[in-house]
Amino acid sequence: QVQLVESGGGLVQAGGSLRLSCAASGRTFSTYGVGWFRQAPGKEREFVAGISYTGRYTRYTDSVKGRFTISRNNANNTANLQMNNLKFEDTAVYYCATDRAGRYDGRSDQYDYWGQGTQVTVYS
């Protein structure tokens, strides 16, 4: 069993930055793929970014490319999402998730464990 706890959300003006963190329990985190998803009010959950278990490979949804950076530190069981140049449409609850099979793509049904989410609100 893996428990995930997100932190770092908050209220930020458009153009600003936030850094989200995902802390994982358990000794197998380093073998899992990690994904960040978000869900805005009235919308479906969507994939934001994913990272391979080594951290070598990443992928992003088009709307965040060049603004968001996903990273991980397997030594301390954390994954991060650096978000720069935030836009109003980035407002959502952000979730991290892990995939025991090591996948890190956009299919949310592949992920085994999910955090409770952290709210990001961008105002203009």
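Note: hydrogens, waters and symmetry copies are ignored here, and every other heavy atom, side chains too, is used.
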Quiz item: Should side-chain heavy atoms under 4.5 Å link Ile, Leu, Val, Met, Phe, Trp and Tyr, which residues sit in the same cluster as F88?
Solution: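 Other cluster members: none.
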Quiz item: Can you list the other members of the hydrophobic cluster that holds W36, where links are side-chain heavy atoms under 4.5 angstrom apart?
Solution: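 Grouped by the 4.5 Å side-chain rule, V12, L18, L20, F29, V34, V48, I51, Y60, V64, F68, I70, L81, M83, L86, Y94, V120, V122 form the rest of the cluster around W36.
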Quiz prompt | Within 6.0 Å of CD in Q119, more than 12 heavy atoms from elsewhere | solution =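 Atom CD in Q119 is crowded, with more than 12 foreign heavy atoms closer than 6.0 Å.
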Self-check item: Enclosure of Y57 OH (heavy-atom neighbours >12, cutoff 6.0 Å)
Solution: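 Count not over threshold, so no.
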Quiz item: Does D90 come within less than 4.0 Å of K87, counting only side-chain N to carboxylate O?
Solution: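 Salt bridge flag = no for K87 with D90.
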Quiz item: Charged N to carboxylate O below 4.0 Å: is that the case for R107 and D109?
Solution: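 The answer is yes: the pair qualifies as a salt bridge.
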Quiz item: Counting distance only, does the side-chain N/O of T98 pair as donor-acceptor with the main-chain N or O of Y32 below 3.5 Å?
Solution: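 Between the backbone of Y32 and the side chain of T98 there is no qualifying donor-acceptor contact (under 3.5 Å).
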Practice problem: Quick one: which residue pairs count as a salt bridge (Lys or Arg N to Asp or Glu O under 4.0 Å) with a foot in residues 110-124, not counting sequence neighbours? | Solution: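 Only R100-D112 qualify under salt bridge (Lys or Arg N to Asp or Glu O under 4.0 Å).
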Quiz item: Can you list every pair that meets salt bridge (Lys or Arg N to Asp or Glu O under 4.0 Å) and has a residue in residues 44-53, with sequence neighbours left out?
Solution: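 Found R38-E46.
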Quiz prompt | Smallest separation among heavy atoms of K43 and Q39, with atom names | solution =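 Closest approach of K43 to Q39: O-NE2, 3.1 Å.
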Quiz item: With F47, which residues qualify under ring pair (Phe, Tyr, Trp, His ring centres under 6.0 Å), at least two apart?
Solution: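 F47 satisfies ring pair (Phe, Tyr, Trp, His ring centres under 6.0 Å) with F37 only.
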Self-check item: Residue pairs, two or more places apart or on separate chains, that pass side-chain hydrogen bond (donor to acceptor under 3.5 Å, both in side chains) and touch residues 5-18
Solution: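 Pairs touching residues 5-18 that pass the test: S17-N84.
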Quiz item: Side-chain donor-acceptor pair under 3.5 Å between T91 and E89, yes or no?
Solution: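 T91 vs E89: no donor-acceptor pair found between side chains.
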Quiz item: Strictly by modelled atom types, are T78 and N73 linked by a side-chain donor-acceptor pair under 3.5 Å?
Solution: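 There is no such pair (donor and acceptor under 3.5 Å, judged by atom type) between the side chains of T78 and N73.
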